Amino acid sequence: PALFMENVRKGSIVSRANSIGSTSASSVPNTDDEDSDYHQEPYKESYKDRRRRAHTQAEQKRRDAIKKGYDDLQAIVPTCEQQDFSIGFQKLSKAIVLQKTIDYIQFLHKEKKKQEEEVSTLRKDVMALKIMKVNYEQIVKAHHDNPNEGKDQVSDELKFNVFQGIMDSLFQSFNASISVTSFQELSACVFSWIEEHCKPQMLRDIVIGVLHQLKSQPY
């Protein structure tokens, strides 16, 4: 009985020790496990935070793009280059930059229209010169083909009548086509009339018609 009681006492002591050790172990924080969980599961950004951050970034990009656009306009448009030697380069407001850009674009449109009109006038000049060149070439060719032509004397009166008949015929189309409101319109109309009514074939027909009219008249 004494040995049995001693064993029971020792078993009770071991049981209590195990119980205390288990309780103590459970109360001690598991540093390794918690550190592992902390690194594996970082803070997750909420949908609202992500949306707010994306909106902020998009807004900043938009503002940067607008600023760059105004800076480019101020650098490109000549009238935006305001220089005050007393204070140095002066940055213009956005409203002024836009207005000066609009004014400059309108100026470019006017210059383009003016240049197009000048090109059109020059083309008409070139066409008139080509017509004159062809006429002179035909005169020279006719002279070479008939070197004896012109030896017979023609009265001045006949020459004048031929000239008058040709001019009267040309003046009818000239008077109907030419506007004298301004020198610019006159120049444009003259070249247009030359191109339309002074072609070699038309001039030839006019001269032949005048000669036929004067053929039956004695001089």
Side-chain angles (χ1 to χ4, degrees), residues 69-70 72-83 92 95-219:
Y70 278 104
D72 292 343
L73 283 178
Q74 188 166 356
I76 293 173
V77 178
T79 54
C80 287
E81 296 178 356
Q82 300 291 338
Q83 186 72 25
L92 302 178
I96 295 178
V97 170
L98 286 178
Q99 186 59 52
K100 287 183 175 291
T101 303
I102 293 172
D103 295 340
Y104 185 64
I105 292 174
Q106 292 176 347
F107 167 76
L108 291 179
H109 278 301
K110 291 179 181 179
E111 287 296 309
K112 180 175 180 292
K113 185 177 180 181
K114 181 180 178 181
Q115 291 177 358
E116 289 176 348
E117 293 176 352
E118 292 177 352
V119 170
S120 178
T121 301
L122 291 174
R123 285 177 179 172
K124 292 178 180 179
D125 292 345
V126 171
M127 183 61 65
L129 292 174
K130 288 182 178 179
I131 293 172
M132 295 173 63
K133 177 177 178 290
V134 171
N135 289 332
Y136 280 117
E137 288 176 349
Q138 290 180 351
I139 293 173
V140 172
K141 183 177 182 300
H143 178 71
H144 284 296
D145 293 341
N146 301 292
N148 295 324
E149 185 179 358
K151 291 184 177 181
D152 297 334
Q153 294 294 326
V154 179
S155 64
D156 293 338
E157 183 180 0
L158 179 58
K159 293 179 182 178
F160 176 78
N161 288 331
V162 172
F163 177 78
Q164 183 180 16
I166 296 173
M167 291 298 104
D168 288 342
S169 178
L170 290 175
F171 180 75
Q172 292 178 3
S173 61
F174 181 86
N175 189 41
S177 305
I178 301 303
S179 173
V180 293
T181 304
S182 65
F183 179 76
Q184 184 176 0
E185 286 190 16
L186 175 62
S187 301
C189 291
V190 166
F191 288 112
S192 177
W193 171 77
I194 290 175
E195 293 176 10
E196 184 176 357
H197 297 280
C198 295
K199 297 178 181 178
Q201 184 60 41
M202 295 186 66
L203 292 174
R204 179 183 176 186
D205 294 340
I206 291 173
V207 173
I208 292 175
V210 171
L211 292 176
H212 278 302
Q213 293 177 1
L214 300 176
K215 184 177 181 181
S216 59
Q217 301 179 10
Y219 292 97

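A quick note: this is a predicted structure, and the numbers were derived from the prediction, not measured.
Using a 4.5 Å cut-off on side-chain heavy atoms (C-beta onward), T121 and E118 make no contact.
To the nearest 0.5 Å, the span separating CD on Q74 from NZ on K100 amounts to 10.0 Å. Taking CD from Q99 and CD1 from I96, the interatomic distance works out to 9.5 Å, rounded to the nearest 0.5 Å. Between the CE atom in M202 and the CD1 atom in I206 there is a gap of 6.0 Å [rounded to 0.5 Å].
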I'd like a table of donor-acceptor pairs (distance under 3.5 Å, sequence neighbours excluded) in which one partner is a side-chain atom from residues 166-177, with atom names and distances.
from: S173; atom 1: OG; to: L170; atom 2: O; distance (Å): 2.9
from: S173; atom 1: OG; to: W193; atom 2: NE1; distance (Å): 3.0
from: S177; atom 1: OG; to: S173; atom 2: O; distance (Å): 2.9

Please table the atom pairs, donor to acceptor, closer than 3.5 Å between any side-chain atom in residues 123-142 and protein atoms at least two apart or in another chain.
from: K133; atom 1: NZ; to: E137; atom 2: OE2; distance (Å): 2.5
from: N135; atom 1: ND2; to: I131; atom 2: O; distance (Å): 3.3
from: K141; atom 1: NZ; to: D145; atom 2: OD2; distance (Å): 3.0

- Message: side chain to side chain contact (heavy atoms under 4.5 Å, CB included) for C80 and L92? Distances and angles first, verdict last.
- Response: CA-CA 8 Å; C80 287; L92 302 178; 4.1 Å; yes
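Partners of E116 under the salt bridge (Lys or Arg N to Asp or Glu O under 4.0 Å) rule, at least two apart in sequence or in another chain, are K112.
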